[in-house]
Undergrad: 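Provided herewith is a single structure, encoded as structure tokens, for subsequent inquiry.
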Amino acid sequence: MLSYRHAFHAGNHADLFKHAVFVALLRHLLKKDKAFWCIDTHAGAAQYSLVGDWALKNAEFESGISRLWGMKVLPPLLADYVDLVRAFNHTPELRYYPGSPQLAVQLMRRKDALQLFELHSTEGDLLEKHFRGSDVKNRARVEVHKGDGFSGLLSVLPPPSRRGLVLIDPSYEDKQDYKRVATALREGVKRFATGTFMVWYPQVQRRDAAMLPDTLMNLQRTDWLHATLTVKEPAAGGLGLHGSGVFIINPPWTLPAMLKEAMPWLVKMLGQDGEAAFSLDYRMA
């Protein structure tokens with residue numbers, strides 16, 4: 001399916017949670033001088049207007065990034081992420097939301113490389129245009145691949161430096177995405193055993209979503225982390241997103257403590273009813 005457009009959902013609670021963790025993983029890689037690659041299998045358009053018709057239709061960002069925008073004191077994991085969103089806006093007013101490719105390029109060095117996959121033709125054109133027109137002097141090398149990130153992932157693994165982060169976050173509009181995520185992660189780890197892999201998935205009322213975390217945990221006995229953020233009770237009709245989760249293989253050892261500090265804040269700030277909660281489980285070697 002190619003009907004999904006992320007502009008309707010940019011900056012919502014799921015984006016906030018996913019991107020805050022994504023930024024923390026990039027920061028960890030940046031601690032060493034050696035170059036690395038960041039690979040995004042479903043990159044989207046890189047930037048989204050929050051003052052346009054699409055974002056304003058449901059205004060999902062108002063229950064996401066907007067709730068942290070004016071806060072001056074935040075846990076480090078959230079503060080770093082919000083600072084990057086502020087830097088992208090160049091104004092005290094929240095008007096634009098950076099997707100994962102833009103957040104990555106704001107952090108990465110000239111010696112690093114960003115490999116972006118996008119199958120949707122319109123999103124791919126926007127992604128390509130975004131990076132073609134931006135300053136390239138001191139940023140990471142960016143390559144845009146207009147194609148399926150699931151099938152393209154193995155073609156760029158392992159990176160030359162044997163250091164890198166892989167983000168896998170499809171829309172899951174196609175129920176086959178759940179199986180394809182598990183396959184991509186299993187095959188990716190075989191090809192790049194030392195890499196960090198991050199999977200984002202939605203909390204929705206369907207069996208595939210409920211089963212995915214256990215499937216991913218069975219891929220590797222240790223060196224994984226699983227965290228969820230639930231913002232509300234599932235809808236009575238069974239439709240809609242009530243939270244999301246991230247599953248990470250080879251997470252940095254510092255991440256559990258950062259999440260233990262940040263997750264209660266997210267529940268407090270993003271929770272929409274009494275069912276808001278978080279979970280955190282990990283197995284470190």
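Side-chain atoms are counted along with the backbone in the values below, which use heavy atoms only and exclude waters and symmetry mates.
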Undergrad: Is it true that a side-chain atom of Asn218 and a backbone atom of Asp214 form a donor plus acceptor pair closer than 3.5 Å?
TA: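 Side chain of Asn218 to backbone of Asp214: a pair is present.
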
Undergrad: Got a sec, which residues hit side-chain hydrogen bond (donor to acceptor under 3.5 Å, both in side chains) with Ser100, two or more places apart in sequence or on another chain?
TA: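 Ser100 satisfies side-chain hydrogen bond (donor to acceptor under 3.5 Å, both in side chains) with Asp40 once adjacent residues are dropped.
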
Undergrad: With sequence neighbours left out, write down each residue that passes side-chain contact (heavy atoms from CB on, under 4.5 Å) with Tyr96, or none if nothing qualifies.
TA: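 Here the qualifying residues are Ser49, Phe88, Asn89.
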
Undergrad: Is there a donor-acceptor contact under 3.5 Å from the side chain of Glu118 to the main chain of Gly44?
TA: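 Indeed, once roles are kept as given, a pair shorter than 3.5 Å links the two residues.
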
Undergrad: Evaluate the side chain to side chain contact (heavy atoms under 4.5 Å, CB included) criterion for residues Leu84 and Leu107: first the C-alpha distance (whole Å), next the side-chain angles of each, then the deciding distance (0.1 Å), finally the verdict.
TA: CA-CA 9 Å; Leu84 287 171; Leu107 287 173; 3.8 Å; yes

Undergrad: Without swapping roles, check the side chain of Asp273 against the backbone of Glu233 for a donor-acceptor pair under 3.5 Å.
TA: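 Yes; at least one donor-acceptor contact below 3.5 Å.
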
Undergrad: Taking only residues two or more places apart in sequence or in another chain, which ones pass side-chain contact (heavy atoms from CB on, under 4.5 Å) with Ser161?
TA: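 Applying side-chain contact (heavy atoms from CB on, under 4.5 Å) to Ser161 gives Lys34, Arg163.
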
Undergrad: Could you give the side-chain donor-acceptor pairs of residues 246-270 under 3.5 Å, partners two or more places apart or in another chain?
TA:
{"residue": "Asn250", "atom": "ND2", "partner": "Ala193", "partner atom": "O", "Å": "2.9"}
{"residue": "Asn250", "atom": "ND2", "partner": "Gly195", "partner atom": "O", "Å": "2.6"}
{"residue": "Lys260", "atom": "NZ", "partner": "Tyr282", "partner atom": "OH", "Å": "3.0"}

Undergrad: Hey, are Asp208 and Lys179 close enough for a salt bridge, meaning a charged N less than 4.0 Å from a carboxylate O?
TA: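 No, this pair does not count.
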
Undergrad: We want to know whether Gln203 and Thr230 form a side-chain donor-acceptor pair, criterion being a heavy-atom distance below 3.5 angstrom.
TA: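 Yes, a side-chain donor-acceptor pair sits under 3.5 Å.
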
Undergrad: So does Asp177 pair up with Arg180, basic N to acidic O under 4.0 Å?
TA: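 Salt bridge flag = no for Arg180 with Asp177.
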
Undergrad: Would a hydrophobic clustering, with Ile, Leu, Val, Met, Phe, Trp and Tyr connected at side-chain separations under 4.5 Å, put Met217 with Met211?
TA: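 No, because Met217 and Met211 fall into different hydrophobic clusters, even though each may have its own neighbours under 4.5 Å.
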
Undergrad: Sorted by first residue and then second, give each salt bridge (charged side-chain N to carboxylate O under 4.0 Å, His left out) pair with at least one member in residues 84-93; sequence neighbours left out.
TA: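 Those involving residues 84-93 are Asp83-Arg86, Glu93-Arg95.
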
Undergrad: Between Met108 and Cys38, is a side chain to side chain contact (heavy atoms under 4.5 Å, CB included) present by the stated rule, with each step listed?
TA: CA-CA 9 Å; Met108 295 170 71; Cys38 177; 3.8 Å; yes

Undergrad: Can you classify the ring geometry of His145 versus Phe117 as parallel (below 30°), tilted (30 to 60°) or perpendicular (above 60°)?
TA: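 His145 and Phe117: parallel rings.
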
Undergrad: To the nearest 0.5 Å, tell me how far Thr215 OG1 sits from Arg186 CZ.
TA: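 Interatomic distance, Thr215 OG1 to Arg186 CZ, rounded to 0.5 Å: 10.0 Å.
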
Undergrad: Can you tell me how far CD of Glu62 sits from CG of Leu50, rounded to the nearest 0.5 angstrom?
TA: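 Here the rounded value is 9.5 Å.
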
Undergrad: Take Lys146 and Asp125 through the test side chain to side chain contact (heavy atoms under 4.5 Å, CB included) and record every step on the way to the result.
TA: CA-CA 8 Å; Lys146 293 183 180 180; Asp125 289 343; 2.6 Å; yes

Undergrad: Using ring pair (Phe, Tyr, Trp, His ring centres under 6.0 Å) as the criterion, list what pairs up with His226, not counting sequence neighbours.
TA: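 Scan of His226 (ring pair (Phe, Tyr, Trp, His ring centres under 6.0 Å), adjacent residues dropped) gives Tyr201.
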
